[in-house]
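Comments concern the structure below.
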There are 2 protein chains.
Amino acid sequence: MDAVFTALADPTRRRMIARLSRGSATIGELGRPFSITKPAVTKHIKLLERAGLVRRRKHGRIHRCTLETKPMQQAQDWIERYRKFWQQSLDGLARFLDETKPEGEDT
Amino acid sequence: MDAVFTALADPTRRRMIARLSRGSATIGELGRPFSITKPAVTKHIKLLERAGLVRRRKHGRIHRCTLETKPMQQAQDWIERYRKFWQQSLDGLARFLDETKPEGEDT
DNA sequence: TGAAAGGTTTACCATAAGGTAAACTATATA
DNA sequence: TATATAGTTTACCTTATGGTAAACCTTTCA
């Protein structure tokens, strides 16, 4: 889970994911939109693989990448679990109590 | 968005968020479950604030923290957007093509 | 008026990210 | 058989994380 959120924390990798969501791509295709060198692309893909978000298949000298759905699903589940909690609590009594209990706010 | 996913990438911070989803808490309360020093707790909270996930109100010497829903919602929206895309594409034709087009897989 | 309690700040350390240039491996092709 | 192409590896740099200890500021309270 750490690795998944770490992978999503970089804008370049998020754009790579967006690209892959529309179909598989090679390493070169994934790196082309960005003005970064090839080793940088290699590192990003490796990080995405380490998070389980991307799978690679080698065909000759070409590496074709595809997305894996499971880790992203788990990340979404984590968020969803707690989002539900606080939406029900913060919109209701808990928020009222938190806001009104202490009177002397200085910020 | 970078900051939000970065904040979620650490297990200590995720547990702090889980704690906050059940109601507001002080800095001390948030750090107590972990065997880390006070400066470490301060840093985690700061990072959560920087991501907009946590809001702090000072009452005397006590700092009371609450969750903010918006950034988490945005993070979830980002995931949801692309998850939809690839679930519809990978479960269907695109995945079929990706898997079958190149014959000589060596991995 | 002290001293304790809640937090922060200031160094300081180790490791991971994100980037580069240069050299390298392996496959395809003229 | 050269040479170009796709991608990786190694070595290096800078900045951000995650942690500590020690000193500090504020507020509370005996």
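Every chain is numbered from 1 and lettered A, B, ... according to where its sequence line falls, protein lines coming before strand lines. If you're wondering where the values come from, they're calculated on a predicted model, not measured in any experiment.
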May I have the distance from [X] (atom [atom1]) to [N] (atom [atom2]), rounded to whole angstrom?
| X | N | atom1 | atom2 | value |
| --- | --- | --- | --- | --- |
| B/Met16 | D/dG18 | CE | C1' | 12 Å |
| A/Lys38 | D/dT10 | NZ | C1' | 15 Å |
| B/Leu47 | D/dA16 | CG | P | 12 Å |
| B/Glu49 | C/dG7 | CD | P | 12 Å |
| B/Ile62 | D/dC29 | CD1 | P | 9 Å |
| B/Glu29 | C/dA5 | CD | P | 16 Å |
| B/Ile27 | C/dT9 | CD1 | C1' | 14 Å |
| B/Ile36 | C/dG7 | CD1 | P | 13 Å |

When you measure from the side-chain N and O atoms of [X] to the phosphate of [N], is any distance below 4.0 Å, counting only OP1 and OP2?
| X | N | answer |
| --- | --- | --- |
| B/His63 | C/dT8 | yes |
| B/Lys58 | C/dG6 | no |
| A/Thr42 | D/dG7 | no |
| B/Arg50 | D/dT17 | yes |
| B/Thr37 | D/dG19 | no |
| A/His59 | D/dA6 | no |

Counting distance only, does the side-chain N/O of A/Arg13 pair as donor-acceptor with the main-chain N or O of A/Ala7 below 3.5 Å?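 It does hold such a pair.
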
Charged N-O contact under 4.0 Å between A/Arg55 and A/Glu49: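 So A/Arg55 does not pair with A/Glu49 through a salt bridge.
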
Between D/dG18, C/dG7, C/dG18, which nucleotide has the shortest distance from any of its atoms to the side chain of B/Thr26? C/dG7

Are B/Arg14 and A/Tyr82 close enough, and set up right, to give a side chain to side chain contact (heavy atoms under 4.5 Å, CB included), and what steps lead you there? CA-CA 10 Å; B/Arg14 283 201 303 278; A/Tyr82 295 108; over 6 Å; no

Verify side chain to side chain contact (heavy atoms under 4.5 Å, CB included) between A/Arg56 and A/Thr66, making sure each step is shown before the conclusion. CA-CA 7 Å; A/Arg56 176 201 311 237; A/Thr66 54; over 6 Å; no

Heavy-atom distance under 4.5 Å between the side chains of B/Ile36 and B/His44, does that happen here? yes

Does B/Arg61 make a side-chain donor-acceptor contact with the base of D/dT28, cut-off 3.5 Å?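 No, no donor-acceptor pair under 3.5 Å.
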
Please figure out whether A/Ala40 or B/Lys43 has its closest DNA chain C nucleotide nearer the 5' end.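 Whichever sits nearer the 5' end wins; that is B/Lys43.
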
Would you check, one step at a time, whether the test side chain to side chain contact (heavy atoms under 4.5 Å, CB included) holds for B/Met16 with B/Val41? CA-CA 10 Å; B/Met16 287 176 168; B/Val41 177; 4.1 Å; yes

Pair B/Asp10-A/Phe5, side chain to side chain contact (heavy atoms under 4.5 Å, CB included): steps then yes or no: CA-CA 8 Å; B/Asp10 181 85; A/Phe5 284 122; over 6 Å; no

Close residues, residues 2-13 of chain B, relative to DNA chain C [heavy-atom separation under 4.0 Å]: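 Going residue by residue through residues 2-13 of chain B, none turns out to have a heavy atom under 4.0 Å of DNA chain C.
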
